[in-house]
Amino acid sequence: MDATKNLAKVLADIADAETSAGRPAGSVGLVAVSKTKPVEEIRPVIAAGRRVFGENRVQEAQSKWPQLKAETPDLELHLIGPLQSNKTADAVALFDVIQTVDREKIAREIAREIKKQGRAPGLFIQVNTGSEPQKAGIEPDAAAAFVDLCRSELGLTIRGLMCIPPFDENPGPHFALLANIAREAGLEELSMGMSDDYPIAIAFGATQVRVGSAIFGARNTH
Ligand SMILES: *Cc1c(COP(=O)(O)O)cnc(C)c1O
């Protein structure tokens, strides 16, 4: 498995999707999702020029990224998995972007930690576009009010919205729904699209895609 070869293909696909969608070249960011992968498999992807990475567990990220960030200071690390409130301080300390703000309690704790630490990660709100009971994310019809609360009451700067569509459904309508909610809330960034559907997400306006297995191969088991 050659991650840098896979990466080149993903970057070419992103460029093609940008062109097909009539969007400027380079307008879609790539978050390389390295969860379950050891640092030795991540280093070649950094050496190939990638700077933005995603991890879904705070503890796993703490065991991998301090050393990688020390080697390459301009890395940007995104939390893309659910955040437990007892991990909020660690997450605010380590991550540059938290994509999974999904409830009032966690938003309040993030706001408190930002004040305390004087460090403010970029924030995305996760929307449960399929209203799946087992999935994290704010309900679509509660999203606008939640964005408001984060901004006016908690003083948080929200960059955009993130979603993970139900795996067994056509993702297009979910991407369209997320784009609509963002437009109405005046949010510019859309984090949507994974290995199976990132070109579709780009057609629906994704500003960043989160791609794991198409770059790093199948996940290692924990
Ligand atoms: C694992 C994960 C990804 C990447 O998934 P792939 O299908 O391997 O590209 C993207 N987003 C989130 C939230 C994830 O947990």
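Whatever order the structure lists ligands and atoms in, that order sets their numbers, starting from 1.
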>> Counting only heavy atoms from other residues, nucleotides and ligands, does the tally under 6.0 Å from CG of D16 exceed 12?
In response: yes
Among protein heavy atoms, which sits nearest to [atom], and what does the distance come to when rounded to 0.1 Å?
atom                    : answer
atom 2 (C) of ligand 1  : K35 NZ, 2.5 Å
atom 13 (C) of ligand 1 : I80 O, 3.3 Å
atom 8 (O) of ligand 1  : R219 NH1, 2.5 Å

> Which distance, rounded to the nearest 0.5 Å, do you find between the NZ of K37 and the CD1 of I42?
Replying inline: 9.5 Å
> So how far is it from F95 CZ to Q62 CD, rounded to the nearest 0.5 Å?
Replying inline: 8.0 Å
> Would you say M194 and ligand 1 have an N/O pair spaced under 3.5 Å apart?
Replying inline: no
Ligand-residue contact atoms, ligand 1 with [X], heavy atoms, under 4.0 Å:
X    : result
G212 : 4 (C), 6 (P), 8 (O), 9 (O)
M162 : 13 (C)
V211 : 9 (O)
S213 : 6 (P), 7 (O), 8 (O), 9 (O)
R210 : 4 (C), 9 (O), 10 (C), 11 (N), 12 (C), 13 (C)
S195 : 6 (P), 7 (O), 8 (O), 9 (O)

> Between Q99 and ligand 1, which part of the residue brings a heavy atom under 4.0 Å of the ligand: side chain, backbone, both or neither?
Replying inline: neither
>> Taking 4.0 Å as the limit for heavy-atom contacts, which would you say applies to D196 with ligand 1: side chain only, backbone only, both, or neither?
In response: neither
Quick check against the 3.5 Å criterion: does [X] have a side-chain atom that pairs as donor or acceptor with the backbone of [Y]?
X    : Y    : answer
K116 : A89  : no
N128 : E139 : no
K135 : I164 : yes

> Is D96 paired with R51 through a side-chain N to carboxylate O contact shorter than 4.0 Å?
Replying inline: no
>> Does any part of the side chain of V33, heavy atoms only, come nearer than 4.5 Å to the side chain of I215, both counted from C-beta?
In response: no
